[in-house]
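Here the structure comes first, spelled out in structure tokens, and everything after it is commentary.
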Amino acid sequence: MKAKHHSVSYFDMQFITSSISTTLVLLLLGLVVFFVLAAHNLSIYVKENINFSILISDDMKESEILKLQKKLDKEAFVKETEYISKKQALREQTEAMGTDPQEFLGYNPFTASIEIKLHSDYANSDSIAKIEKLIKKNTNIQEVLYQKDLIDAINDNIRNISLMLLGLAVILTFISFALINNTIRLAIYSKRFLIHTMKLVGASWSFIRRPFLRRNFWIGVLSAAVADGVLWGAAYWLVSYEPDLIRVITPNVMLLVSVSVLVFGVLITWLCALLSINKYLKMKASTLYYI
């Protein structure tokens, strides 16, 4: 006698409560993934906005300086350069100080310079020391100025924050697994006698598992969709409030967060359901009354 497909109600109160609790857990997990990715973008943004200055001798003609700038622009470590002439430097300092140093000195005390912003991979003291050595091969370069302490402090802080966020992500992943597993296990626990009845009438294990796995798959999809919607809404609000954040909260970051939440949500709910249903399938009838 062939067993008829047993019914597992989809949109009952248990489905709704499981979806809500799973959504909250996925939201927390999504926030951690978001902060990890956003922190990475923020570190790149900060590193690529660290300037260092090449002070150029007065003996060097402007045409030669511009040639040097073009040569620097082609270097792998350079993100962008800006040439500041002696006149521009004087004008900027006069505006900043509110007085013209040339009036009481009788000459322009400032030198021409090229301001350089590096790609993030080169924004560390070791790389800058090598770059400084390379640049100083040109005898018309007076000095290469950069704030070594500031660069070291930025890199140390970024490293510490990254490690902290990574540790938090690992811990929260385990907590998320435990919470979602507990929610699903309780839901399947209430169906343990139905599972045993199906076994008695000759239903195969795969036949019994199927509706439970399908139900929890949709719980994962629905919960992930709601969590992703909340995260996208929060990101949109943040960027609307502070448009410069678009450099940190990029569409790629949000896409990776959404995919991570969806994959984790579906995988964890399906896996937890499989483990729980197998537990009750292996259990003897006498044991069902004492758990």
Side-chain angles (χ1 to χ4, degrees), residues 20-50 76-77 79 117-129 147-185 216 219-221 223-239 241-242 244-272 274-275:
I20 291 170
S21 59
T22 303
T23 299
L24 293 173
V25 174
L26 291 179
L27 192 57
L28 285 173
L29 190 74
L31 281 171
V32 172
V33 175
F34 169 79
F35 283 126
V36 168
L37 295 173
H40 175 69
N41 276 359
L42 181 61
S43 72
I44 291 173
Y45 175 75
V46 170
K47 286 179 180 181
E48 290 187 345
N49 278 278
I50 297 172
F77 54 82
K79 181 175 182 280
K117 288 183 180 179
L118 301 173
H119 286 294
S120 60
D121 292 340
Y122 297 91
N124 57 74
S125 295
D126 292 341
S127 295
I128 292 175
Q147 295 176 292
K148 185 178 185 299
D149 292 341
L150 175 64
I151 291 167
D152 289 341
I154 288 171
N155 281 299
D156 287 342
N157 288 334
I158 286 170
R159 193 180 303 111
N160 292 335
I161 291 168
S162 297
L163 287 172
M164 184 181 70
L165 285 173
L166 189 62
L168 183 61
V170 171
I171 292 167
L172 194 58
T173 300
F174 283 112
I175 293 171
S176 301
F177 181 87
L179 290 172
I180 293 174
N181 184 49
N182 191 51
T183 300
I184 292 171
R185 193 172 58 186
N216 282 284
I219 286 175
V221 170
S223 301
V226 174
D228 282 339
V230 172
L231 291 168
W232 274 92
Y236 178 79
W237 179 82
L238 284 170
V239 172
Y241 182 77
E242 184 55 65
D244 285 344
L245 284 174
I246 194 64
R247 297 178 183 180
V248 176
I249 309 173
T250 62
N252 283 345
V253 164
M254 293 311 299
L255 190 61
L256 283 169
V257 169
S258 299
V259 171
S260 300
V261 169
L262 180 62
V263 169
F264 185 84
V266 170
L267 188 63
I268 203 73
T269 49
W270 188 88
L271 183 60
C272 290
L274 181 65
L275 294 173

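- Applying the salt bridge (charged side-chain N to carboxylate O under 4.0 Å, His left out) test to pairs two or more places apart or on separate chains, those with a residue in residues 158-176 are Asp156-Arg159.
- Taking all atoms of both residues into account, the shortest heavy-atom contact from Glu48 to Lys79 is OE1-CE, 3.0 Å.
- By the 4.5 Å heavy-atom criterion applied to side chains, Val253 and Phe34 are counted as neighbours.
- Minimum interatomic distance between Ala224 and Leu262 (heavy atoms only, all atoms of both residues): CB-CA, 3.6 Å.
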Donor-acceptor pairs under 3.5 Å, side chain of residues 227-235 to any protein atom, not counting sequence neighbours: which ones?
residue, atom, partner, partner atom, Å
Trp232, NE1, Ser258, OG, 2.6

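- Judged by distance alone, with hydrogens and angles left aside, the side-chain atoms of Ser43 form a donor-acceptor pair with the main-chain N or O of His40 at under 3.5 Å.
- Partner Ile50 forms a side-chain contact (heavy atoms from CB on, under 4.5 Å) with one of Leu118, Ile154, Asn155 and no other, that one being Ile154.
- Atom CG of residue Leu166 and atom CD1 of residue Ile171 lie 10.0 Å apart, to the nearest 0.5 angstrom.
- Across Phe35 and Leu165, no two heavy atoms sit closer than the pair O-CD1, 3.6 Å.
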- Begin from the C-alpha positions of Ile180 and Thr269 and carry the test side chain to side chain contact (heavy atoms under 4.5 Å, CB included) through to its verdict. CA-CA 7 Å; Ile180 293 174; Thr269 49; 4.0 Å; yes
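- Listed for the Asn181 side chain is no donor-acceptor partner under 3.5 Å among the backbone atoms of Phe177.
- Applying the side-chain hydrogen bond (donor to acceptor under 3.5 Å, both in side chains) test to Asp121 and every residue at least two apart in sequence or in another chain returns nothing.
- Here the CG-CD1 distance, from Leu37 to Ile249, works out to 11.5 Å after rounding to the nearest 0.5 Å.
- With hydrogens and angles disregarded, a donor-acceptor distance shorter than 3.5 Å links the side chain of Asn157 to the backbone of Ala153.
- The two atoms that bring Ser260 and Val33 nearest to each other are OG-CG1, 4.0 Å, heavy atoms only.
- Legend: residues meeting side-chain hydrogen bond (donor to acceptor under 3.5 Å, both in side chains) with Asn160, ordered by chain and number and at least two apart, are absent.
- Nearest heavy-atom pair, Thr183 versus Ser21, reported as atom, atom and distance to 0.1 Å: CG2-OG, 3.3 Å.
- Note: Ile44 CD1 to Ile158 CD1 = 9.5 Å, rounded to the nearest 0.5 Å.
- A donor-acceptor pair is defined here as one N or O able to donate and one able to accept, closer than 3.5 Å; no such pair exists between the side chain of Thr250 and the backbone of Arg247.
- Under the side-chain hydrogen bond (donor to acceptor under 3.5 Å, both in side chains) criterion, Thr173 pairs with no residue at all, not counting sequence neighbours.
- Considering CH2 of Trp270 and CG of Leu275, their distance stands at 9.0 Å, rounded to 0.5 Å.
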- Task: Determine, stepwise, if the pair Leu172 / Leu28 fulfils side chain to side chain contact (heavy atoms under 4.5 Å, CB included).
- Result: CA-CA 8 Å; Leu172 194 58; Leu28 285 173; 4.1 Å; yes
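- Residues satisfying the side-chain hydrogen bond (donor to acceptor under 3.5 Å, both in side chains) criterion with Tyr236, sequence neighbours excluded, are absent altogether.
- Listed here is the closest heavy atom pair of Ser223 and Thr22: OG-CB, 3.4 Å.
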